[in-house]
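Structure first, then comments.
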Number of protein chains: 2
Amino acid sequence: MTPVQHPVSKPSIAETESTSGNYRILLLEDDEQLAELIVRFLSERHCEVTYAANGRDFMKAVHHKDYDLIIADVVLPDASGFQLLEQFRSQLSCPLIFLSALSSVDDQVTGLRLGAHDYLVKPVDPHLLWAKIEAHLRTSQSPTPANASMTFGPLSIDLVSRQARVKDKPLPLTTNEFDLLQIFAEQPARLLSREYLFRRVIGREFDGLDRVIDMRVSRLRKKLDAIPDGVAIQSIRGRGYSLNTVHGTP
Amino acid sequence: MTPVQHPVSKPSIAETESTSGNYRILLLEDDEQLAELIVRFLSERHCEVTYAANGRDFMKAVHHKDYDLIIADVVLPDASGFQLLEQFRSQLSCPLIFLSALSSVDDQVTGLRLGAHDYLVKPVDPHLLWAKIEAHLRTSQSPTPANASMTFGPLSIDLVSRQARVKDKPLPLTTNEFDLLQIFAEQPARLLSREYLFRRVIGREFDGLDRVIDMRVSRLRKKLDAIPDGVAIQSIRGRGYSLNTVHGTP
DNA sequence: AACATTTTGTAACAGTTTGTAAGGTTTTCC
DNA sequence: GGAAAACCTTACAAACTGTTACAAAATGTT
């Protein structure tokens, strides 16, 4: 896939790789070949990978610094991954994924019950491994949603405090109005069909008769139109609505 | 694109099972036999399982109430699980696990990239499924571990002395008020439904009529509002309440 | 044990928000 | 121009929420 960069050789202790990446990952794996493969793969994805080949190095590494995620083999020369997790569980604040050739349901259940966040059976496709890693980082990194606010022209929306502003002036909205505006702001200047809005707002399929969306748009529109040079909801006959910035009077 | 008209078969809407269990799980699965199996299995483990057989029922169920976890099939009669996740991702605050016969790496990666927390390939051992469910509930349910104190903006709470402070000034609270504030502080800036609060505070299922939570919120709110630039409980009509920091008037 | 104080739940009332219905208004198409 | 379709808005009832008032329960004190 990619040319072999640097031989990882035989790292006696945890050694840090990669370009001071986005995530710090600790890899516990005694199979050197596999480890090298994983280290290279993750480094390419801008991860700072620390590699430990046995339980002793693993302990040192864990004590030495914090990680965003740990990938751990179960069968090791000097210890069991299960034991290690049991021992360090209380000290770990990041997700741990087991990566093992032990494929029985019992082993998997054991690993998960011990507190592991996932259990992958070797051999694992690198892309799947990466998707799993991203999934776990995603959930552990963002206790509060990252996209806590969004803006579109003079409109800004804070999803946390649920406050909308137009030209930095607070725009008091009811719950439903805010929800609707948020949906528009997610895909601004884009046509959103009544069917789509109905599904998002009401939560079931549009029956073709209900006027709820019309009504909500009307009410939201009234408030938006009250502020000049802000944003406005445009209706496209037979298609739906779209949120646009208002052309300043030319 | 256009809604597929599907002859409404049997369970018109989500049906609730089990003994008002510990966790509320939403199961989206069109294979009735498998679904029944899973429902029974989870019910035995004291889960309150809601079952949806198609996308339509799923949408209803998601809008109807909150869940602790969602298990979703990918291939459905009237929709794709991938589509549904894409559509509801922003509205879901709980983990979602795909459970599908589609076993290719591409499918798994797609599901995870869409935001799923896990992807299990059918057939899956029930015990493994349960271990996975527990693992995901474990990580999502305890955003705040057993810390003896917690802070959120100008608010700090000491669980040991049971004293709350706003901007370092002691805030005298009654027992119930403190308990409620603690629950809010565990998941600050996040919507907490009346159902959830009722369960946490009163300890049984919300009947839809009781106003106790309103009352307690009202009383706690009165004390919180007395301190400027502190924190405030915001109400989101039809959804619940959330604790937020107060924007000092800029 | 009896009283005072605090805390909490229920009921009732008031204000706000939302859905449905019905009638207007604009646009499209003969 | 006129009719039909699509859309907007007013009106009103129903639903939801906040708060006050008061009684019951819990707690503390003498």
Side-chain angles (χ1 to χ4, degrees), chain A residues 162-164 170-184 191-226 232-244, chain B residues 60 63-66 162-164 170-184 191-226 232-244 246:
Chain A
R162 291 183 65 89
Q163 206 187 40
L171 178 69
L173 295 176
T174 70
T175 306
N176 281 347
E177 286 163 2
F178 184 90
D179 289 347
L180 185 60
L181 182 59
Q182 178 182 336
I183 294 172
F184 274 110
L191 175 71
L192 302 181
S193 71
R194 225 183 231 81
E195 285 78 8
Y196 174 78
L197 292 172
F198 196 90
R199 231 178 298 127
R200 287 288 307 267
V201 163
I202 308 296
R204 54 185 152 83
E205 218 57 41
F206 184 55
D207 62 1
L209 297 173
D210 210 307
R211 289 281 202 307
V212 183
I213 298 300
D214 301 56
M215 199 61 235
R216 292 199 184 176
V217 167
S218 172
R219 283 168 174 151
L220 175 56
R221 184 136 60 180
K222 182 178 286 182
K223 292 190 180 177
L224 291 177
D225 290 350
I233 296 174
Q234 199 172 8
S235 55
I236 293 107
R237 189 186 175 83
R239 299 286 161 73
Y241 300 90
S242 87
L243 183 71
N244 294 91
Chain B
K60 282 188 194 170
H63 267 276
H64 183 254
K65 68 179 209 177
D66 293 330
R162 290 184 65 89
Q163 205 188 39
L171 178 68
L173 294 177
T174 70
T175 308
N176 281 347
E177 286 164 1
F178 185 90
D179 289 347
L180 185 60
L181 183 59
Q182 178 182 336
I183 294 173
F184 274 110
L191 175 71
L192 303 181
S193 70
R194 234 184 221 80
E195 287 77 7
Y196 174 79
L197 292 172
F198 196 91
R199 226 177 301 120
R200 288 287 307 267
V201 164
I202 308 296
R204 55 185 153 83
E205 214 57 36
F206 183 55
D207 62 0
L209 296 173
D210 210 306
R211 305 290 301 279
V212 183
I213 298 299
D214 300 57
M215 203 59 239
R216 292 198 183 177
V217 166
S218 174
R219 281 166 176 151
L220 175 56
R221 183 138 56 181
K222 183 178 285 182
K223 292 190 181 178
L224 291 177
D225 289 350
I233 296 175
Q234 196 171 14
S235 59
I236 292 119
R237 186 188 177 84
R239 305 278 168 71
Y241 301 90
S242 88
L243 183 72
N244 293 92
V246 170

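Proteins come first, then strands; the chains are lettered A, B, ... in the order of their sequence lines, and each starts at number 1.
Listed by residue number, B:Thr174, B:Thr175, B:Asn176 are the residues of residues 171-183 of chain B with a heavy-atom contact under 4.0 Å to DNA chain C.
Evaluation of the salt bridge (charged side-chain N to carboxylate O under 4.0 Å, His left out) rule for A:Arg239 yields no partner, not counting sequence neighbours. For B:Phe178, the ring pair (Phe, Tyr, Trp, His ring centres under 6.0 Å) criterion is met by no residue, not counting sequence neighbours. Partners of A:Pro172 under the side chain to side chain contact (heavy atoms under 4.5 Å, CB included) rule, at least two apart in sequence or in another chain, do not exist in this structure. For A:Glu177, the side chain to side chain contact (heavy atoms under 4.5 Å, CB included) partners two or more places apart in sequence, or in a different chain, are A:Leu173, A:Thr174, A:Arg219, A:Leu220, A:Lys223. A search for ring pair (Phe, Tyr, Trp, His ring centres under 6.0 Å) contacts involving A:Tyr196 returns nothing, not counting sequence neighbours. With sequence neighbours excluded, no residue forms a salt bridge (charged side-chain N to carboxylate O under 4.0 Å, His left out) with B:Glu195. A search for salt bridge (charged side-chain N to carboxylate O under 4.0 Å, His left out) contacts involving B:Arg200 returns B:Glu186, not counting sequence neighbours.
Annotation: ring-ring contact (aromatic ring centres under 6.0 Å, His included) contacts involving residues 199-225 of chain B, sequence neighbours excluded, comprise B:Phe198-B:Phe206.
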(request) Summarise protein proximity over nucleotides 23-30 of chain C in one line of letters, 5' to 3': B for base, S for sugar-phosphate only, - for none, counting protein heavy atoms closer than 4.0 Å. (result) ----BS--

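The distance between atom CZ of A:Arg216 and atom C1' of C:dT16, rounded to the nearest whole Å, is 15 Å. Residue B:Gln234 contributes atom CD, which lies 18 Å from atom P of C:dT16 at whole-angstrom precision. Summarising the geometry, the separation between CE on A:Met215 and C1' on C:dA22 is reported as 12 Å, rounded to the nearest angstrom.
Each of A:Ser235 and B:Ile236 lies near DNA chain D, and the nucleotide nearest A:Ser235 is the one positioned closer to the 5' end. Heavy-atom nearest nucleotides on DNA chain D were determined for A:Arg239 and for B:Asp214, and the one closer to the 5' end corresponds to A:Arg239.
The outermost nucleotides of DNA chain D lying under 4.0 Å from heavy atoms of chain A, listed 5' to 3', are D:dA5 to D:dA11.
No donor-acceptor pair under 3.5 Å is formed between the side chain of B:Arg237 and the backbone N or O of A:Thr175.
Contact annotation: side chain of A:Arg219 to base of C:dG19, donor-acceptor pair present below 3.5 Å.
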Could you pull out all donor-acceptor pairs under 3.5 Å where a side-chain atom in residues 209-216 of chain B meets a protein atom, sequence neighbours excluded?
{"unit_1": "B:Asp210", "atom_1": "OD1", "unit_2": "B:Val212", "atom_2": "N", "d": "3.0"}
{"unit_1": "B:Asp214", "atom_1": "OD1", "unit_2": "B:Arg194", "atom_2": "NE", "d": "3.0"}
{"unit_1": "B:Asp214", "atom_1": "OD2", "unit_2": "B:Arg194", "atom_2": "NH2", "d": "2.9"}

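Side-chain contact between A:Leu171 and A:Leu224: present, with at least one pair of heavy atoms (C-beta onward) separated by less than 4.5 Å.
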